[in-house]
Amino acid sequence: MTTPSATLHASTETKVVDVAINNGHALLTIDNPPVNPLSISVRKGLMEAVRQVNEAGCETAAIVCAGRTFVAGGDISEFAGPPPLPHLPDVLDAIEASATPFIAVMHGTVLGGGLELALACAWRIADAKTKFGLPEVNLGLIPGAGGTQRLPRLIGLERAARMAANGKPVNARTFEEFGGLDLVFDGDPMQSLAGFRAALPARPVNTSERTVENADLTALKAEIAKGAKGADAPMIALETTALAASLPFTEGSKIERQTHLDLRTSAQSRALRRLFFASRSVTRPDRLKAFEPATINHVVIVGGGLMGAGIAAASLAAGHRVTLLERDVQSAEAGRARVEAIIAGDLASGRITEDKAKARRANLAAGANYAAAFDADIAIEAVFEDPEIKRAVFGQLAAVMSPEALIATNTSYLDPNLISEGMPGPGRFLGLHFFSPANIMKLVEVVGTSATADQSMATAFAFARGLGKIPVETGVCDGFIGNRILSAYRRQADYMVADGASPYEVDKAMRGLGMPLGPYELQDRTGLQISWANRKRQLAAGSWPGRYVDIADRLCEMGRQGRGSPMKKGWYDHSSGAGQPDPEIEAMVAAWRAEHATGGQSFSTDEIVMRIMAAIVNEANLILEEGIATSDTAIDIVWTEGYGFPKHLGGPMFWAEETGIERMREAFAAIEAQSPGSWKAAKIFQG
Ligand code: NAI
């Protein structure tokens with residue numbers, strides 16, 4: 001953003017807020033990279049600027065921000081301790097009460113404290129691409145500087161309560177319609193500001209002094225409670241916003257501030273903030289910082305099935321040229337149709353414009369000739385989960401691609417070392433394990449082989465980040481970080497079903513914890529066949545750990561391979577749409593128990609959760625001990641981003657710590673006693 005040359009330039013004591021006064025109008029420029037958070041230096045600078053513009057008797061004072069965005073929030077790194085002075089509410093009160101009225105001139109993402117700052121100004125003008133929101137709930141918090149009390153006074157109670165409770169941003173046109181903006185502009189911000197000042201409207205009543213019309217929030221409350229899935233902050237944000245209709249601003253904001261400060265130390269907020277920071281550090285391993293990632297233009301995807309089509313769509317969305325290679329021309333066209341269906345879906349839902357959809361379609365080629373990969377910068381194979389087929393694909397790619405270009409496998413369980421063994425240029429091979437649907441799910445496990453070059457890893461990480469993904473490094477083991485833990489989870493669930501729990505009880509218990517689906521519902525959703533094939537492989541290799549419950553195998557043999565299978569049945573009956581518990585399954589499980597002389601045990605909801613979590617946490621600790629994951633936060637990122645573990649519980653490792661090691665030990669002892677010889681104990685559970 002450009003700032004006008006100043007005739008009178010006076011620096012404040014801090015450089016992050018620059019004040020320039022020109023013909024009686026002040027321009028404050030906040031420059032606190034990368035996103036202009038309201039750190040202590042910015043708060044001090046603003047406080048000083050208010051004094052300065054009033055002393056100079058300025059007619060107006062505009063606040064702009066340098067860089068890519070207006071203030072995008074508070075400084076989260078300050079949230080761990082008591083906030084240093086001046087506090088944001090006092091700064092904002094000073095701005096609102098200033099004799100010189102303030103104008104917020106906005107671009108980028110005006111979030112949290114940024115929006116609170118704008119609400120304290122007399123006027124708000126914004127670039128048409130600006131987004132506005134109160135995302136504090138995503139960190140287990142509510143706004144703490146008047147956001148819940150000023151916003152309803154500006155745009156109405158229900159709209160404000162929705163924005164505070166769901167944390168989702170709205171665009172400039174919507175926010176203008178709500179009454180949140182005085183002007184939306186499309187061109188140069190400084191010219192727009194000059195135009196606005198030239199026809200300056202009468203100073204409005206301060207937002208905090210306006211009254212709020214009451215509204216019936218019953219339906220909104222039900223909607224928010226349903227969406228929160230156990231997270232506390234959304235409903236607290238809603239209830240706090242509702243206070244604006246019954247309390248004066250000063251009282252409402254006092255409660256808001258106290259609630260905000262209390263929530264800072266809550267387990268949910270600590271969990272969410274830890275994940276927030278981890279998702280930045282885990283995606284940028286220190287070891288790789290010395291390497292300049294190679295530029296990726298042309299992406300080749302081999303296999304245009306479910307995963308290949310999703311990865312292709314994600315690559316196109318990031319602006320890459322994509323070639324889809326398939327077994328034959330007919331399959332290639334089917335793959336192209338899958339990708340085009342994803343693009344059409346994005347267009348229909350309004351996520352992208354017609355121009356963007358057109359550009360993506362134009363960037364997509366599909367065929368069966370590997371010669372097309374000659375100038376590819378990266379190739380990702382997503383063919384059938386069969387080592388021989390994958391090796392053949394790798395060989396064909398290696399023969400035509402530059403030795404510098406990356407060749408990756410999307411395998412769920414196979415060892416990328418074996419897929420690439422003996423091939424020329426071993427440093428370029430790796431695993432890039434996407435999650436389904438790959439165009440939506442953010443997690444990507446990056447699997448280095450024993451020969452993968454750090455340069456290749458750096459490029460792979462940068463490529464995944466460029467796709468908007470969260471890449472997490474994992475070593476090689478059966479299932480990498482995520483699916484290996486999933487196998488332990490399923491194993492313990494199966495042991496309980498074998499011993500007396502119904503699969504429907506297990507699902508309900510895990511949903512009660514906040515998982516979007518229980519383990520059996522999840523199997524029905526993803527299909528039972530991939531893990532069946534994997535179990536067969538492990539049994540044949542003699543690597544199955546301990547007690548084997550083959551109830552799921554029986555389902556597969558019966559053709560009950562999940563919701564998407566021709567029978568439309570798995571653990572549930574999906575033939576009439578929504579999955580229904582099936583008496584046939586109950587009978588089958590009962591027969592299995594009779595055959596194996598098991599059953600008869602009952603498990604409370606708490607026991608189900610604790611035993612499953614003990615299996616998960618044990619496996620996660622083994623993964624750490626073996627060096628497969630680089631940190632406990634990496635595991636928590638994988639399970640929250642890839643498997644739907646509730647973010648407000650922080651991931652399995654954080655959850656275990658909060659639950660307490662003693663309770664976890666008891667639960668682990670219970671699963672060892674339930675299925676002796678089936679669990680290798682991690683160090684924390686030994687002795
Ligand atoms: P899919 O069966 O939907 O697609 C596989 C595609 O590969 C088919 O279109 C097939 O025509 C094509 N293909 C087979 N052999 C080929 C060859 N020699 N050359 C070119 N194309 C060939 O399978 P899906 O589910 O997309 O899985 C693909 C890979 O991704 C597997 O390794 C799987 O383990 C892995 N994966 C699957 C996930 C899932 O949720 N389905 C999740 C993460 C990884």
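All values below come from the heavy atoms of this structure, side chains included, with hydrogens, waters and symmetry mates left out. Read the numbers this way: they start at 1 and go in the same order the structure lists the ligands and their atoms. Since the structure is predicted, the reported quantities are computational estimates derived from the model, not experimental observations.
Remark: aromatic rings of Tyr520 and Tyr504 are distant, center separation not under 6.0 Å.
If you look at Val383 next to ligand 1, the close heavy atoms, those under 4.0 Å, come from the backbone and the side chain alike. Neither the backbone nor the side chain of Thr526 has any atom closer than 4.0 Å to an atom of ligand 1 (non-hydrogen atoms only).
Using a non-hydrogen distance threshold of 4.0 Å, Ala382 registers as a contact of ligand 1. The closest approach between a heavy atom of Lys390 and any atom of ligand 1 is below 4.0 Å. Assignment of Phe435 to the shell around ligand 1 is not supported, since no heavy atom sits closer than 4.0 Å.
The Ser412 neighbourhood of ligand 1 comprises atoms 33 (C), 34 (O), 35 (C), 36 (N), 37 (C), 43 (C), 44 (C), with distances under 4.0 Å to a heavy atom of that residue. Distances below 4.0 Å separate heavy atoms of Ile389 from the following atoms of ligand 1: 15 (N), 18 (N). Here is the list of ligand 1 atoms found below 4.0 Å of a heavy atom in His433: 43 (C), 44 (C).
Formation of a donor-acceptor pair under 3.5 Å by the Arg428 side chain with backbone atoms of Ser402 is found in this model. The backbone N or O of Phe291 lies less than 3.5 Å from no partner atom in the side chain of Asp454, so there is not a single donor-acceptor pair.
Judged by a 6.0 Å distance limit and a 45° cone about the ring axis, Arg547 is not positioned over the six-membered ring of Trp679.
Between the choices Gln330, Met441, Glu326, the shortest heavy-atom distance to atom 21 (N) of ligand 1 belongs to Glu326.
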